[in-house]
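In listed order, ligands and their atoms are each counted from 1. Along the sequence shown, the residues carry numbers beginning at 1.
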Amino acid sequence: MVANVIAPDRRINSLLAGALAAYGLCIRGWVVPDGESPLAKAGLCLAAGEPAHAVCLVGHGGGGFWPIFAAWHRLNSGVREPLDSWSKSVITPIARAVGGEAVFPSDKPWRPFQQWGMAAEGLKASPLGMLIHPVYGLWHGYRGAILFSALDVSGWPEDVARLRQITTHPCDSCATKPCLTRCPVDAFKPDGLAVTACRDHLNTVAGQQGCMTSGCLAREACPVGQTYRYSAAQIRFYMTAFA
Ligand code: B12
Ligand code: SF4
Ligand code: SF4
């Protein structure tokens with residue numbers, strides 16, 4: 001776990017970190033936009049229409065939460081969208097307990113989770129569209145966010161500046177970019193993922209024996225954060241959900 005969490009309110013930060021750790025989840029950083037930032041307008045609205053002043057991003061680096069989710073799933077096998085349902089059942093009460101409101105990446109209108117991830121940890125997008133993390137590589141994600149209407153944000157700008165200075169971007173120094181040469185249907189285009197080409201391939205015999213079994217070959221090709229690679233069961237779950 002890298003220590004790059006910014007805590008506008010350190011008491012709330014430690015309460016949240018402890019509660020999330022019990023489920024294999026962690027704080028993936030805070031976003032406290034100033035009034036001028038585009039982030040202040042993007043997705044920062046509470047259910048009652050009030051503006052939110054701070055976002056705590058919740059997610060995972062690696063697949064530590066997977067055994068906890070899998071045990072829950074065995075007991076709740078009929079639930080639709082099981083990972084999203086589990087995330088809601090875990091994060092919603094934790095958010096309420098600290099006076100926040102939980103929002104989720106799967107709920108429409110989509111909140112800008114990747115923009116929040118870039119602001120919170122200083123991450124950048126990889127050529128695949130996913131954000132790359134200097135430690136976890138492509139093996140990380142977001143399970144929710146907790147919005148706060150008011151929070152003591154004193155000390156925030158200095159902390160953010162320090163964080164952004166120390167963040168390195170693996171893709172900047174990756175000369176060969178193997179992620180871009182492994183996809184059998186060349187689905188990664190400058191304007192985004194060619195979703196239909198990818199899905200069509202996944203439904204062929206080659207796709208079933210390739211990406212559906214081993215995971216997205218492009219993601220697998222990235223050398224960064226390999227020790228955080230998800231388990232075979234977690235990879236299969238995501239591939240099945242996507243295909
Ligand atoms: C819609 C969506 C998709 C669509 C993409 C459609 C498209 N071309 O835009 C589809 C279904 C194809 C998709 C696929 C995947 N997705 Co997706 N997706 C989303 C979702 C729900 C909304 C994106 C969005 O429009 N947001 C609204 C805008 C306003 O927010 P934003 O932050 O500015 O959005 C950025 C993204 O849209 C990004 N983007 C654009 N094109 C693509 C393409 C890909 C593949 C990705 C990952 C991002 C991306 O650029 C935007 C500008 O910064 C987000 C969750 C969320 N709420 O953001 C997850 C999300 C972006 N997806 C994610 C992931 C991991 C995937 C998959 C790899 C599957 C998986 N779960 O493992 C696959 C890729 C398939 C493959 N072959 O491997 C993660 C990314 C995590 C990270 N490390 O960055 C997110 C954040 C979900 C999460 N819970 O963590 N996804
Ligand atoms: S293979 Fe290189 S360019 Fe591709 S995601 Fe990994 S570090 Fe970035
Ligand atoms: S899952 Fe396979 S076909 Fe789809 S983008 Fe990844 S490598 Fe390409």
For ligand 1, indicate whether the residue Leu131 contacts it via side chain, backbone, both or neither (heavy-atom separation under 4.0 Å). both
Tell me whether the rings of Tyr23 and Trp86 are parallel (<30°), tilted (30 to 60°) or perpendicular (>60°). perpendicular
Can you tell me the protein heavy atom closest to atom 2 (Fe) of ligand 2 and the distance? Cys174 SG, 2.3 Å
Please work out whether any backbone atom (N, CA, C, O) or any side-chain heavy atom from C-beta onward of Cys198 is under 4.0 Å from ligand 1, and answer side chain, backbone, both or neither. side chain
Could you tell me if any non-hydrogen atom of Arg182 lies under 4.0 Å from any atom of ligand 3? no
Atom 69 (C) of ligand 1 - nearest protein heavy atom and its distance: Arg219 NH1, 4.9 Å
One residue to check: Arg111. Relative to ligand 1, which of side chain, backbone, both or neither has a non-hydrogen atom less than 4.0 Å away? backbone
Measure Tyr238 to ligand 1 on non-hydrogen atoms and call it side chain, backbone, both or neither using the 4.0 Å cut-off. side chain
Within reach of ligand 1, part of Leu128 (heavy-atom separation under 4.0 Å): backbone
Distance to 0.1 Å, residue and atom name: give those for the protein heavy atom nearest to atom 3 (S) of ligand 2. Lys177 CG, 3.6 Å
So is there a nitrogen or oxygen of Trp110 less than 3.5 Å from a nitrogen or oxygen in ligand 1? no
Counting only heavy atoms, which portion of Arg219 has something under 4.0 Å from ligand 3: side chain, backbone, both, or neither? neither
Test of understanding: given a 4.0 Å heavy-atom threshold, classify the contact between Cys211 and ligand 3 as side chain, backbone, both, or neither. side chain
May I ask you to identify, for Phe242, whether its side chain, its backbone, both or neither come under 4.0 Å of ligand 1 on a heavy-atom basis? side chain
for atom 34 (O) of ligand 1, nearest protein heavy atom and its distance come out as Gln114 OE1, 4.0 Å
Is the Tyr142 ring parallel, tilted or perpendicular to the His140 ring (thresholds 30°, 60°)? perpendicular
Can you pull out the closest protein heavy atom to atom 8 (Fe) of ligand 2? Residue, atom name and distance to 0.1 Å, please. Cys171 SG, 2.4 Å
Relative to the ring of Phe65, is the ring of His60 parallel (under 30°), tilted (30 to 60°) or perpendicular (over 60°)? tilted
Just to confirm my output: which protein heavy-atom neighbour is closest to atom 6 (Fe) of ligand 3, and how far is it? Cys216 SG, 2.4 Å
Going by the closest heavy atom to atom 4 (Fe) of ligand 2, which one wins out of Cys179, Pro178, Ser126, Pro170? Cys179
Could you check whether any heavy atom of Phe188 sits closer than 4.0 Å to an atom of ligand 3, since that is the contact criterion I want to use? yes
